[in-house]
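Treat the numbers as computed from the prediction; the structure is a model and nothing was measured.
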Amino acid sequence: MPKSTERTSDLRPLPALAAVVVGVVVWLLPQPAAVSDQGWLMLAMFIGTIAAIIGKAMPIGAISIIAISMVAASGVTSDNPGRAIADALGSFTSPLIWLIAIAIMISRGLIKTGLGARIGYYFISIFGKRTLGIGYALALSELTIAPVTPSNTARGGGIIHPIMLSIAHSFGSTPENNNTGKIGKYLALVNYHANPITSAMFITATAPNPLTVKLIADATGAAITLSWTTWALAMLLPGLVAIALMPLVLYVLYPPEIKKTDDATTFARQKLADLGRVTRDEKIMLGVFMTLLLLWADVPMWLFGEGFQLNPTTTAFIGLSILLLTGVLTWQDVLSEKSAWDTLLWFGALVMMASQLNQLGVIDWFSFTIQGLITQTGIGWAGASAVLVLVFLYSHYFFASTTAHITAMMGAFLTVGLAMGAPAMPFVLMMAAASSIMMTLTHYATGTSPVIFGSRYVDLGEWWRAGFIMSVVNLTVWVVVGGLWWKLLGYW
């Protein structure tokens, strides 16, 4: 008898149906006079797309293909079919989108060569005599590789998490032994909470950051276009203070039973010995790493003049080219880096939809509506800014995707805050920081969350409690330290 073939599909019918219903309901709601028919239809398709992403009706890349099809076929941007598809695909020429995709491909070299693991074990060999020191070693490892790992999931879950697990296991602290409090719980929490902080510190440290840059430029009429250097400098001091506080705060909240860990340094040195001498590919990867940082920081321009300045995306292409020419990465490695191609697709689709909402006047209408509600309270720009940042950050309890959250809310919130009179640079930087700080909150907040939560070192209640407390700590650091730092830099 012929074998029956089992059909599989990415489609989850109930969430997909719910997303369609949400989109149709929005479309059928009374249309404000200030919004055109095209704008209202675009809003309905956009909200339906966000609902599909939140409900995980399909993988986000598949949802993005459908979104592009809807925008092009509906003619919402143009009656001309050729122009409609050009508009739907227009965002794929954005250098920011390609920057993240290429940087993800480059970061594969950290894993393939073993350089990422070597950096982690090196820090533990230095700081690992105490559990608190191991916590700082994990955080510093995160920080070191963050500028060239735009996949925060790959960084926290794929590079640092295995190191954290190996340390916990070396002390016999496992969920199976029912002794996670021995050391593993603390290390897992540090492993996770370093991730949102480092994600806030560099444009290239998490995929949605370039989207934030784009939305800031749109909201300010291109008056503020954050470069890689400007972002890194602005986030440097608050980020370092947050990194310094985080392991200590978690140590107080969830004190490990083991305080002294002399064996950890021995273990790390053994792991380094197992890795052997630094290989040719690791040296090349390290050289590319340093070259990218120097070029992204515009060091050649500072030394030799503006003629030596390169666009950050050009720099990323050069870095990937070097890795391909030297054989550190093969073209097959690049093709198999699915997250990079997936990011390129969904990022382009969401940026396109957000841009079209802005061009069709929907963002202006939504912003004016929110602004009117806030104005009625009479709280002024300072109070309005605080409300906008807090609502934006803590509404992430209802999102399982930072990208969906940023796409859905940030553009309008930026416009409202600026219209209320908030100092432009500090406000947009605070919103940018909040877009990463919100990752602390839940076990589904970002891709790194289920990886580390799934290792079962931290139960749900502890995870949410630690997440809320760390969100308050990080927010306070960015408001106080960041505010003073930005004042010193002359941003307000």
Do Ile437 and Pro196 make a side-chain contact, defined as non-hydrogen atoms from C-beta onward lying under 4.5 Å apart? no
Run Glu142 and Asn195 through side chain to side chain donor-acceptor pair (under 3.5 Å) and show every step you take. CA-CA 7 Å; Glu142 260 267 356; Asn195 204 239; 2.8 Å; yes
Spacing of OG1 belonging to Thr49 relative to CH2 belonging to Trp346, to within rounding of 0.5 Å: 14.0 Å
Residue pair Ser78 / Ala84: nearest heavy atoms and the distance that separates them: O-CB, 3.9 Å
I would like to know whether Asp333 and Thr330 meet side chain to side chain donor-acceptor pair (under 3.5 Å); could you show each step before the answer? CA-CA 5 Å; Asp333 290 327; Thr330 66; 3.2 Å; yes
Kindly write out the residues that satisfy salt bridge (charged side-chain N to carboxylate O under 4.0 Å, His left out) with Asp364, not counting sequence neighbours, or none if the list is empty. none
Which class fits the ring pair Tyr394 and Phe468: parallel under 30°, tilted 30 to 60°, perpendicular over 60°? tilted
Taking the side chain as every heavy atom from C-beta outward, state whether Met425 and Leu226 have any atom pair closer than 4.5 Å. yes
Check the angle between the aromatic planes of Tyr192 and Trp463 and answer parallel, tilted or perpendicular using the 30° and 60° thresholds. tilted
Would you mind telling me which of Leu236, Leu143, Leu293 makes a side chain to side chain contact (heavy atoms under 4.5 Å, CB included) with Phe202? Leu143
Can a donor-acceptor pair be found, under 3.5 Å and without considering hydrogens, that links the side chain of Thr153 to the backbone of Gly157? no
Taken to the nearest 0.5 Å, the spacing of Arg155 CZ from Ile159 CD1 works out to 8.5 Å
dist Met246:CE -> Ile197:CD1 (nearest 0.5 Å) comes out at 4.5 Å
Where do Pro30 and Trp40 come nearest, in terms of heavy atoms and distance? O-CZ2, 3.7 Å
Mind running side-chain contact (heavy atoms from CB on, under 4.5 Å) on Ile145 and Ile160 for me, showing each step along the way? CA-CA 10 Å; Ile145 63 177; Ile160 305 299; 4.3 Å; yes
Does Ala62 offer a backbone N or O that forms a donor-acceptor pair with the side chain of Asp10 under 3.5 Å? no
Lys214 and side-chain hydrogen bond (donor to acceptor under 3.5 Å, both in side chains): which partner among Ser91, Ser94, Ser355? Ser355
Apply side-chain contact (heavy atoms from CB on, under 4.5 Å) to Leu429 and Met235, showing your working. CA-CA 8 Å; Leu429 288 172; Met235 301 301 185; 4.1 Å; yes
Report yes if some heavy atom in the side chain of Val334 is under 4.5 Å from a heavy atom in the side chain of Leu323; otherwise report no. no
Could you check whether any side-chain heavy atom of Val35 comes within less than 4.5 Å of a side-chain heavy atom of Phe366, counting everything from C-beta outward? no
Grab the two heavy atoms, one from Ala234 and one from Leu489, that are nearest each other, plus how far apart they are. CA-CD1, 4.3 Å
Looking at Trp485 and Leu233, would you say the former's side chain and the latter's main chain have a donor-acceptor pair under 3.5 Å? yes
Side-chain donor-acceptor contact under 3.5 Å, Asn152 with Thr446: yes
Does the side-chain contact (heavy atoms from CB on, under 4.5 Å) test come out yes or no for Val25 and Val22, once each step is laid out? CA-CA 5 Å; Val25 167; Val22 167; 5.9 Å; no
Using modelled atom types only, decide if a donor and an acceptor are shared between the side chain of His396 and the backbone of Ala445 within a distance under 3.5 Å. yes
Do Thr440 and His193 come close enough that some side-chain heavy atom pair is under 4.5 Å? yes
Judged by atom type as modelled, is there a donor-acceptor pair below 3.5 Å linking the side chain of Ser385 to the main-chain atoms of Gly417? no
Between Leu388 and Ile374, is there a side-chain heavy-atom distance shorter than 4.5 Å? yes
Looking at side-chain heavy atoms only, is the closest gap between Val391 and Phe413 below 4.5 Å? yes
Would you say the side-chain atoms of Asn474 pair up with the backbone N or O of Ala242, donor to acceptor, closer than 3.5 Å? no
I want to check something: taking the side chain as every heavy atom from C-beta on, are Ser435 and His405 in contact at a cut-off of under 4.5 Å? no
What pair of heavy atoms forms the shortest contact from Ala188 to Ile452, and how long is it? O-CG2, 3.6 Å
Just how far is it from atom CG of Leu211 to atom OG1 of Thr206, taken to the nearest 0.5 Å? 11.0 Å
Before giving the answer on side-chain contact (heavy atoms from CB on, under 4.5 Å), spell out for Leu393 and Leu441 the whole-Å C-alpha distance, their side-chain angles and the decisive distance to 0.1 Å. CA-CA 9 Å; Leu393 195 157; Leu441 295 175; 4.1 Å; yes
State, to 0.1 Å, how close Ala88 and Val71 come at their nearest heavy-atom pair, and which atoms those are. CB-CG1, 4.2 Å
Does Tyr491 have more than 12 heavy atoms from other residues, nucleotides or ligands lying within 6.0 Å of its OH? yes
Identify the two heavy atoms, one from Thr442 and one from Trp464, that lie closest to each other, and give their separation to 0.1 Å. CG2-CZ2, 3.7 Å
Check the surroundings of atom NZ in Lys56: do more than 12 heavy atoms from other residues, nucleotides or ligands lie under 6.0 Å from it? no
In terms of relative ring orientation, are Trp341 and Trp98 parallel, tilted or perpendicular, with 30° and 60° separating the classes? perpendicular
Interatomic distance, Ile111 atom CD1 to Ser151 atom OG [nearest 0.5 angstrom]: 8.0 Å
To the nearest 0.5 Å, what is the distance between OG1 on Thr403 and CD1 on Ile53? 8.0 Å
Donor-acceptor pair, side chain of Lys112 and main chain of Val328, under 3.5 angstrom: yes
For Ser141 and Thr144, what are the C-alpha separation, side-chain angles and deciding distance, and is it a side chain to side chain donor-acceptor pair (under 3.5 Å)? CA-CA 5 Å; Ser141 301; Thr144 301; over 6 Å; no
